[in-house]
Protein chains: 2
Amino acid sequence: MSLKHILLGLAERECSGYDIKKEFDTSLRNFWRAELSQIYPQLQKLKTDGLLTSDTAESGQGPQRIVYHRTGAGKAMLKDWLEAGPVVGTERIAFLAQVYFLHELDSDDARLEFMGALRAYFVERLAFLDSVEQGWAAKYPGYPDDMPDDEFYPQLTLACGKHRIGATVAWCDETIARIKKRATA
Amino acid sequence: MSLKHILLGLAERECSGYDIKKEFDTSLRNFWRAELSQIYPQLQKLKTDGLLTSDTAESGQGPQRIVYHRTGAGKAMLKDWLEAGPVVGTERIAFLAQVYFLHELDSDDARLEFMGALRAYFVERLAFLDSVEQGWAAKYPGYPDDMPDDEFYPQLTLACGKHRIGATVAWCDETIARIKKRATA
DNA sequence: TATCCCATGTAACTAGTTACATGATTCG
DNA sequence: CGAATCATGTAACTAGTTACATGGGATA
């Protein structure tokens, strides 16, 4: 279960469920997503399990915040997860399932439209990653290697996204060319 | 919901739940996985929804097989899914969540060990894809483009896997070098 | 005779999504 | 005064996992 461990990782610093949601929607968005309706109960559960503690804090606007912080046991559980080695082989890639059955569309035009939409999506993702990167580069003159640990490792996930999405765009281009060639054959 | 549509795609030809499981474990394994305990009830549901029909067939060994075949409505639903455009942005990549928090491990050696294990996994996946490809190449002299439709589109998913996994291995190498450089700095 | 593959399923559980409910403050 | 943002949650549902249950036929 990764969500649990992600919350334990984020709770190195005091944070509320609302704060965490914002992190999912920005920094973590390349590899994980979660809704508030999943985050809040999970934080409560981690607290009853003794992995987090909570405190109330005033917020400038709106109701009181409940801020969480991880315990020693919480940190230990996160470390166990990392020490158990990479969690791989569980990914589901829906668009590839669609490509697998793309012959069910009834024209090459329809198939090319599908591939064009796919390519556009990934190009947009790549642009987003570039913009995040520019923010970092502006903040750290020694970017990407001269950064504190708690930014260096997140930066690695961005670098991975760039590699993978770049490769996916290249595959889209290749695929579009192959379908066109096939159409004229 | 992708599983439903994948089953509708596979049920173009008559197949049993058991057959489908084998397809998940071989051809589809690059982008989706499913257990028998999810497949069997889902097939039953698709039948009651009028998207599949079923028949019993003798099997050489073991009990009777229940073979499914999709209806016109089933085919139409699959087409609707494809025509609605690519399903993207839902992926969860657990190993990147781990990398994001890798600074929580307490030595560079531990971090390099993690990255080494990750690299080894992807190298192995790449070798598997190469072996699948060699099988295809042996069967079709005009590989990869001169293949029937119902093999060409699956082949595209293999090509995508090769691109993406290749890029991931390159990222692992780059990352290992960056962590080493950081360790000596 | 033991193990593997064939073949179908159910039960209990965990994980994640969508919709709903509440209420304060701030900005235009 | 209306919309956006802050802030927390519950309820109902869908999706997926793990464990259990059954039993035939083939192979070693």
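A, B, ... follow the sequence lines: proteins, then strands. Residue 1 opens every chain. On a predicted model such as this, the values are computed, not experimentally measured, just so you know. The figures here come from the full heavy-atom set of this structure, side chains too, leaving out hydrogens, waters and symmetry mates.
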Side-chain N,O (A:Gln38) to OP1/OP2 (C:dA15) below 4.0 Å:
no
N/O (side chain, A:Arg33) to phosphate O (OP1/OP2, C:dT17) under 4.0 Å
yes
Does OP1 or OP2 of D:dG9 have a side-chain N or O of A:Gln44 closer than 4.0 Å?
yes
B:Gln42 side chain to B:Lys4 backbone, donor-acceptor under 3.5 Å
no
Write down the distance between CD1 (A:Ile6) and C1' (C:dG16), rounded to a whole number of angstrom.
13 Å
The side chain of A:Met1 lies closest to which of these nucleotides: D:dC6, D:dG9, C:dT14?
C:dT14
What's the OH-C1' distance between B:Tyr40 and D:dT17, to the nearest Å?
17 Å
Side chain of A:Ser37: nearest nucleotide among D:dT5, D:dT10, D:dG9?
D:dT10
Whole angstrom is fine here: how far is it from CH2 in B:Trp32 over to P in D:dG16?
6 Å
By nearest heavy atom, map A:Ala34 and B:Ser16 onto DNA chain C; which one lands nearer the 5' end?
B:Ser16
Touch class at under 4.0 angstrom, heavy-atom based, for B:Gln42 against every strand present:
nothing
Is B:Arg92 near enough to C:dT17 that one of its side-chain N or O atoms lies under 4.0 angstrom from OP1 or OP2?
yes
Output the rounded distance in Å from CD1 (B:Ile39) to C1' (C:dT10).
15 Å
Separation of B:Lys47 atom NZ from C:dG9 atom P, in whole Å?
10 Å
Give A:Leu3 one of three labels, base, sugar-phosphate or nothing, depending on what nucleic acid heavy atoms sit under 4.0 Å from its own.
sugar-phosphate
Stacked cation flag A:Arg29 on A:Phe128, 6.0 angstrom / 45 deg:
yes
Once you round it to whole Å, what is the distance between P of C:dC5 and CZ of B:Arg65?
17 Å
Look at A:Arg178 together with B:Asp145 and state whether they make a salt bridge at an N to O cut-off of under 4.0 Å.
yes
Report the distance from atom CD1 of A:Ile20 to atom P of D:dT8, rounded to the nearest whole Å.
9 Å
Is any side-chain N of the basic residue among A:Lys180 and A:Asp108 closer than 4.0 Å to the acidic one's carboxylate O?
no
Check every strand shown and say whether A:Ile66 touches a base, only sugar-phosphate, or nothing at a heavy-atom separation below 4.0 Å.
sugar-phosphate
Lys NZ or Arg CZ of B:Arg92 over A:Phe31 ring: under 6.0 Å, within 45°:
no
To the nearest angstrom, how far is A:Leu46 atom CG from C:dA15 atom P?
11 Å
